[in-house]
Amino acid sequence: MPIYLFIVMALSGIRVIELAGLAPVPFCGMILSDFGAKVIRIDRTNTVSSVDVQGRGKLSAALNLKKPEGVAVLKNLCLRSDVLIEPFRKGVMEKLGLGPLELLNENPRLIYARLTGFGQSGSYAKAAGHDINYIAMSGLLSMLGRAHENPYAPLNLLADFAGGGLICTMGIIMALLERTKSGKGQVVDTSMVEGAAYVGSFIWKSQNLGLWNNLRGENLLDSGAPFYETYKTSDGKYLAVGAIEPQFYEELIKGLGLDSTQLPLQMSNSDWPQLKKIFADVIASKTQEEWCKIFDGKDACVTPVLSLDEAASHPHNKERGSFIVDSQGGISPRPAPLLSRTPANPSLNSDPLIGEHTVSILSEFGYSQEDIENLMLSGVIASNKTKSNL
Ligand SMILES: CCCCCCCCCCCC[C@H](C)C(=O)SCCNC(=O)CCNC(=O)[C@H](O)C(C)(C)COP(=O)(O)OP(=O)(O)OC[C@H]1O[C@@H](n2cnc3c(N)ncnc32)[C@H](O)[C@@H]1OP(=O)(O)O
């Protein structure tokens, strides 16, 4: 007799409807899926391939929301789901008749999560934008960048993912937890401007510590300080140095073969450019590997700057299994954090094709074969079986 293993994860039993969007909402859905939720991504019927590279573990149903029957299908799915995540500009869902008033009225337990750049109110609420605009509006972008250069956006990590996808996930989890007491759902209004700002709370709350008294790029943590910087090694790679505390700084100086009595004081701000030059010249004299041999096992807060491939194969990360390899050979980070009893068990299968599960999902929600065929014929839904036929 076959043995079926059912792995219980933290979010097992939670059903999520994710309306397909760009980067932040897919990340939110992927986290929920990694930790056990059943995530159904609603794709458009007129698109062939998905730009969602974070579709891990999700199912896809292709539904035309411009048709009233499509809206009715979505309402039906939401009736028996726990969470809806929507990525559209303010007002789009209401225009479709799928606003929170309608959906929460029909399913008062629904967590209705909205993830936008500027939030659901305020004069920018309907404005188009991307990560760089949101971090600009959060105040944080003004702090990022090297001295005498323009502000620099650190990829689209801060607003899309930290302040957006992750904060929205946190809101959903909190709402699910609260629902166990009240029995009621609620609306989660995630603004990426606010989410990014919140992630940056330390920056606001450390204003009186003297950490940010200088211009951008001339402070302790913004590439001003020589002991919190990256340096090029002789083989064209880089080292990251983060030796802030005096005891770690002393280890750094020793490892570099320097004598601290011959150097300016660590916290002498005006000497930082000179000290940086000294460190840069010394570090440029050896390869990254040679420096790693010197600093590994020392409390000097020195690490190699690894490429994505190198990160996955670094012994420490390998020991922890920090990266996973999917069935296509793709490498990606293992879901974090690690839960001791019910860890995430991410799918290793390839991401869903658009409409790959339309038929099975509709059947599961009680639609007959005939209903499904009619919806298909009238262009309300679309199905893609390419993968299963391969
Ligand atoms: C050459 C290009 C290649 C592209 C490759 C892509 C590579 C990925 C790159 C990722 C880059 C990520 C960047 C850096 C980011 O920052 S992503 C974050 C973007 N911002 C947000 O997500 C904030 C919230 N969303 C928004 O503000 C807006 O959705 C947006 C991003 C500005 C896009 O605006 P816009 O395209 O006008 O869309 P919206 O106003 O939201 O309206 C969506 C329309 O689509 C419709 N729709 C939706 N689903 C369906 C469906 N299943 N069936 C039929 N229709 C559907 C909606 O009804 C709505 O229609 P309508 O109201 O416009 O008539």
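Order of listing sets the numbers, starting from 1, for every ligand and every atom in it. Nothing fancy with the numbering, it's 1 onward along the sequence.
- A donor-acceptor contact closer than 3.5 angstrom links the side chains of Asn219 and Asp222.
- Taking a cutoff of 4.0 Å between a charged side-chain nitrogen and a carboxylate oxygen, Lys38 and Glu364 qualify as a salt bridge.
- Near ligand 1, residues Leu22, Pro24, Asp43, Arg44, Leu63, Asn64, Leu65, Lys66, Pro87, Phe88, Arg89, Val92, Lys95, Leu96, Leu115, Thr116, Gly117, Ala128, Gly129, His130, Asp131, Tyr134, Asn156, Asp160, Met192 each place a heavy atom inside the 4.0 Å sphere around the ligand atoms.
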Side chains of residues 149-166: which donor-acceptor partners sit under 3.5 Å, not counting sequence neighbours?
residue: Asn156; atom: ND2; partner: Asp160; partner atom: OD2; Å: 2.8

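- Pairs of residues two or more places apart, or lying in two chains, that qualify as side-chain hydrogen bond (donor to acceptor under 3.5 Å, both in side chains) and include a residue from residues 230-244 are Thr233-Asp235, Lys237-Glu310.
- Atoms CG and CG, from Leu63 and Leu77 in turn, are 7.0 Å apart once rounded to the nearest 0.5 Å.
- Judged as a salt bridge (Lys or Arg N to Asp or Glu O under 4.0 Å), the pairs with a partner in residues 113-130 (not counting sequence neighbours) are, in order, Glu86-Arg114, Glu94-Arg114.
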